Structures are given as C-alpha cells and as structure tokens.
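What you are looking at is a predicted structure, and each value in this text was computed from that prediction instead of being measured.
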Amino acid sequence: MRAGPSQEDIRRHNLGALLRHVHLGGPISRAELTSRMGLNRSTIMALTSDLTAAGLVREELPRETGRAGRPSLVVRPESSRVYVFAFDVGPDRLAAARVGLGGVILDRRELPRRRGPFELGELVGVLAAFARQMRRKTRPDTVCVGAAAAVSGGVRKGDGVITFGPNLMTPEREVPFGEELGRRLGLGLPVSVGNDANLGALAEHSRGVGAAVKDLIYLHGDVGIGGGIIAGGHLLGGHDGYGGEVGHMVVNPGGRACGCGSHGCLEAEVGERALLEAAGRAQAVQNGEVHRGRHSREAVRAVVDAADRGDIVAQKALKGVGDWLGLGVANLINIFNPEMIIFGGMLREIYLGSAARVRSQLTLHAMAPQRERVRLRTSALADDATLVGAAELAFAHVLADPLEVLARAGG
C-alpha cells in the first residue's frame with residue numbers, strides 16, 4: 001500500500017505555494033491568501049509566521065483600507081534581503097543582475113561582447129566579477145539563495161552543459177558552463193543554466209504579457225531565432241532539454257544556409273542577416289557594425305523605421321521576412337494551438353514592421369479554429385526577458401522548499 005504525503009511534506013508544499021503567491025503577485029493580504037489557497041486562517045497565520053521568522057517575508061498593516069473592523073495583515077516579500085544572481089550570455093552582450101525575491105532587479109551590470117566563439121574561462125571570469133561587484137554593495141544581513149544563466153544555445157537538461165550554439169560557440173563542442181560558473185562564483189550554490197528563449201517564455205508567463213496564459217509560445221530573436229513553449233502552464237523542455245528550437249524548423253527547403261548546417265531554417269530566412277541583406281544594408285554585416293554591442297538591434301530598427309518612412313527597398317525586405325515569419329508562426333499554431341504568440345528580442349521590431357504580412361500568412365496557412373482565437377503580442381519585458389527568466393529559474397529551488405534552501409544558503 002502506497003503511503004500518502006506526510007505532514008512535513010504538506011507543510012513544505014504549503015510554504016512554497018504561499019511564497020510563490022507573494023513572489024509572483026507582490027504584496028497580498030492574509031485574507032486573500034486564505035481565499036486563494038483554500039486554507040483556514042490559522043494555517044495561513046502559521047505559514048506566514050514561519051516565512052517571516054526565516055526572513056523571507058514580512059507582515060505589516062495595509063497602508064489604507066476602506067473596510068470597517070480589524071484590517072488583514074499584508075504579506076510582502078523581503079526583496080532587499082533575499083536575492084539571486086541572474087546572468088544572460090547572448091551573441092552581443094553579457095549581462096548580470098542581482099534580483100530580489102519578488103522579481104525586483106536590485107543591481108545590474110552589462111557589457112557588449114564581440115560576436116564569435118567564447119573562451120569559457122574568460123567568459124565566466126567576467127560574469128563572476130560582475131557578481132562580486134554587486135555582492136560588495138549588499139548589506140551584511142542579505143543572503144544569496146541561487147544563481148542561474150540564460151544562454152543563446154542548446155543546454156542539456158540536468159548538468160548545465162552547453163552542447164550547441166551556432167551563434168555563440170564552435171559547433172560540436174560541449175561546454176560545462178554551469179559547473180565552471182558555479183566554481184568561479186564561489187557561493188557554494190549550483191548554477192542552473194537554460195536556453196534564452198525557454199527562459200524568455202518562462203519570464204513572460206510569470207511576469208509579462210502572458211502572465212494569465214497557460215498555453216503560449218515565445219519567439220526570441222537576436223542573431224538567430226529561438227522559441228520557448230509553455231503548454232498547460234509548464235515549460236516544454238523535451239527529453240534532453242532541447243525542446244523549442246523552432247528557429248531550426250525548415251520553412252524553405254533549399255533556401256538560405258543556416259548556422260546549424262541546414263538550409264531554409266526559420267532563423268536563416270527571418271534573422272538579422274536575411275533582413276539586412278534584403279534591405280541593401282549588407283555592409284552593416286560585412287564591416288562589423290553588427291558585431292559591436294547593440295548595433296545589431298539598431299540596424300534592424302533602422303530598416304523598420306526606413307520602411308515606415310516609405311523606403312521601398314526596406315518595405316520589400318520586411319515583406320519577405322514577414323512572409324517567412326508568418327509561415328513559421330502558422331506551423332506553430334497548427335501544431336501547438338497556443339492562446340498567445342509573443343515576439344521578443346529583435347523579433348519585436350520585425351513583427352511590428354511586418355504584422356500585416358504575418359497575419360496574411362496565418363490566414364492562408366493556419367487552421368481556422370486555432371487561428372481565430374490566438375493573440376499575437378510583443379514582449380512586455382523587452383530586453384530584460386531572458387534575464388528575468390534566469391532569475392525565475394534560480395528562484396525555483398526556493399519556491400520548492402523555502403526553509404531548507406534558506407538554511408543551506410545561510411550556512
């Protein structure tokens with residue numbers, strides 16, 4: 001006979017669930033927690049007391065109330081005390097942030113990087129230096145409870161090893177990124193690693209435009225295109241963690257060469273290089289302008305602005321890219337039946353400049369029942385989406401077992 005959960009298991013679950021409400025929803029009254037969690041008032045009081053004693057939340061009187069009688073205490077996350085480190089490794093930038101419980105970015109660092117394969121020791125050295133700089137500015141009573149990184153590449157589930165990244169590293173090379181970054185940070189904490197588009201999807205689902213949506217697809221563009229899929233409220237990772245590589249869905253067999261070795265992939269037909277070359281701005285790629293900092297995003301934005309001003313070449317380029325993007329989105333709608341498609345990174349600008357062409361392709365190629373109810377949106381978190389997603393990945397351990405994680409981190 002299978003034993004049911006113990007009282008300690010139930011308590012651990014309830015502590016995590018309550019902390020999740022406060023972490024994602026912000027300050028909330030005890031009365032509202034009682035209603036949302038379906039627990040009685042005494043249980044909520046005991047749970048909040050435990051979390052308060054641990055220094056994860058604090059309780060205070062509401063600033064104002066329109067009701068008669070004794071007001072319900074408000075539970076707030078201890079954002080300035082409990083934090084994680086979040087990192088973002090992209091083709092054009094390295095970013096790091098200290099993010100407090102509740103999703104508050106307390107401090108951040110960013111540095112442009114020249115495109116091309118990275119040297120692991122140099123890369124983690126820069127990120128670890130960022131973390132040390134930010135940690136030196138914290139109060140003595142603060143505690144780091146986790147760390148995670150978003151990377152523009154394929155990450156093997158379980159060990160944080162980057163196994164491929166056509167726009168970031170040499171092909172067919174395994175890089176123990178999470179292990180090495182954890183060693184250089186010296187915090188005694190493991191570093192979780194995730195694909196940037198997957199973590200962008202997690203961020204938009206948790207804190208962005210898709211916060212109330214259980215089925216969504218987030219499309220992230222920088223040099224290439226990645227995708228993160230939320231199905232039934234959960235990130236679809238796949239057997240080995242490589243799920244969501246929609247940028248390598250072939251939409252034009254025999255088309256443009258892709259960095260993955262194939263031809264006609266979505267990212268080859270829609271990515272930065274395709275747009276700039278079609279717009280007659282290939283020199284931006286050839287002379288290195290898109291290899292420095294945010295110039296790639298600025299070059300894409302310049303094409304969209306030129307099209308808005310009536311530049312025929314720019315308009316034609318956006319039309320062609322928009323058609324391929326619309327075809328790719330139509331395929332995703334037919335397969336996954338999402339409630340929402342979110343365009344992030346460089347794709348925010350491309351979608352805004354080609355929305356009519358994208359919708360036209362959906363009319364032609366997406367099945368009517370799925371197409372009619374899907375909502376197309378741009379990222380609410382913009383360039384912070386992947387960094388916010390990394391922070392949520394780091395906080396996942398805390399939300400699963402708040403007191404145990406805090407005790408380990410404090411020790």
Do [X] and [Y] come within less than 4.5 Å of each other through their side chains, counting heavy atoms only?
X    : Y    : answer
L332 : P338 : no
E245 : F164 : yes
L33  : L18  : yes
C258 : H263 : no
R375 : V213 : yes
V151 : N195 : no
I229 : L235 : no
R93  : L111 : no

Closest contact, heavy atoms only, [X] versus [Y]:
X    : Y    : value
A17  : M37  : CB-CE, 3.9 Å
A150 : D196 : CB-CA, 4.0 Å
G233 : H205 : O-NE2, 3.5 Å
K157 : H239 : NZ-O, 3.0 Å
A314 : A306 : CB-CB, 3.9 Å
L318 : S354 : O-CB, 3.6 Å

Any sub-3.5 Å donor-acceptor pair from [X]'s side-chain atoms to [Y]'s backbone N or O?
X    : Y    : result
T386 : G200 : no
T363 : R359 : yes
D240 : Y242 : no
R81  : G55  : yes
T34  : R30  : yes
D9   : S6   : yes
T43  : L39  : no

Lys/Arg-Asp/Glu bridge criterion (N-O < 4.0 Å) met for [X], [Y]:
X    : Y    : answer
R373 : E339 : no
R11  : D50  : yes
E174 : R156 : yes
E277 : R256 : yes
R309 : D311 : no
R301 : E298 : no
K137 : D107 : yes

If you apply the rule side chain to side chain contact (heavy atoms under 4.5 Å, CB included), what do you find for Y351 with L219, and how did you get there?
CA-CA 11 Å; Y351 171 70; L219 297 177; over 6 Å; no
Run the numbers on F343 and H220 for side chain to side chain contact (heavy atoms under 4.5 Å, CB included), then give the verdict.
CA-CA 6 Å; F343 300 93; H220 183 78; over 6 Å; no
Answer yes if the side chains of [X] and [Y] hold a donor-acceptor pair under 3.5 Å, and no otherwise.
X    : Y    : value
N252 : E269 : yes
H21  : E32  : no
Y83  : T138 : no

With rounding to the nearest 0.5 Å, note down the distance linking [atom1] in [X] to [atom2] in [Y].
X    : Y    : atom1 : atom2 : value
D215 : H234 : CG    : NE2   : 10.5 Å
R281 : L276 : CZ    : CG    : 8.0 Å
L381 : R207 : CG    : CZ    : 9.0 Å
T52  : L73  : OG1   : CG    : 9.5 Å
L51  : E78  : CG    : CD    : 11.0 Å
L15  : R20  : CG    : CZ    : 13.5 Å

Do the two ring centres, one from F85 and one from F130, sit under 6.0 Å apart?
no
Is it the case that the ring center of F395 lies less than 6.0 angstrom away from the ring center of H397?
no
Report the C-alpha distance between R76 and E59 in whole Å, list the side-chain angles of each, state the deciding distance to 0.1 Å, and finish with yes or no for salt bridge (Lys or Arg N to Asp or Glu O under 4.0 Å).
CA-CA 6 Å; R76 296 178 180 274; E59 295 183 284; over 6 Å; no
Determine, stepwise, if the pair L94 / E110 fulfils side chain to side chain contact (heavy atoms under 4.5 Å, CB included).
CA-CA 6 Å; L94 300 177; E110 187 168 328; over 6 Å; no
More than 12 non-hydrogen atoms from neighbouring residues, nucleotides or ligands closer than 6.0 Å to CD on E179, yes or no?
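Not more than 12 within 6.0 Å, no.
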CD (Q7) with more than 12 external heavy atoms under 6.0 Å
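It does not: Q7 CD has 12 such atoms or fewer within range.
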With L347 as partner, the option from T378, I342, I225 fulfilling side chain to side chain contact (heavy atoms under 4.5 Å, CB included) is I225
I would like to know whether R114 and D92 meet salt bridge (Lys or Arg N to Asp or Glu O under 4.0 Å); could you show each step before the answer?
CA-CA 6 Å; R114 188 172 183 84; D92 289 329; over 6 Å; no
Apply side chain to side chain contact (heavy atoms under 4.5 Å, CB included) to R132 and R136, showing your working.
CA-CA 6 Å; R132 286 193 295 272; R136 280 197 292 266; 4.1 Å; yes
Would you check, one step at a time, whether the test side-chain hydrogen bond (donor to acceptor under 3.5 Å, both in side chains) holds for E392 with H23?
CA-CA 10 Å; E392 291 305 317; H23 172 64; 3.0 Å; yes
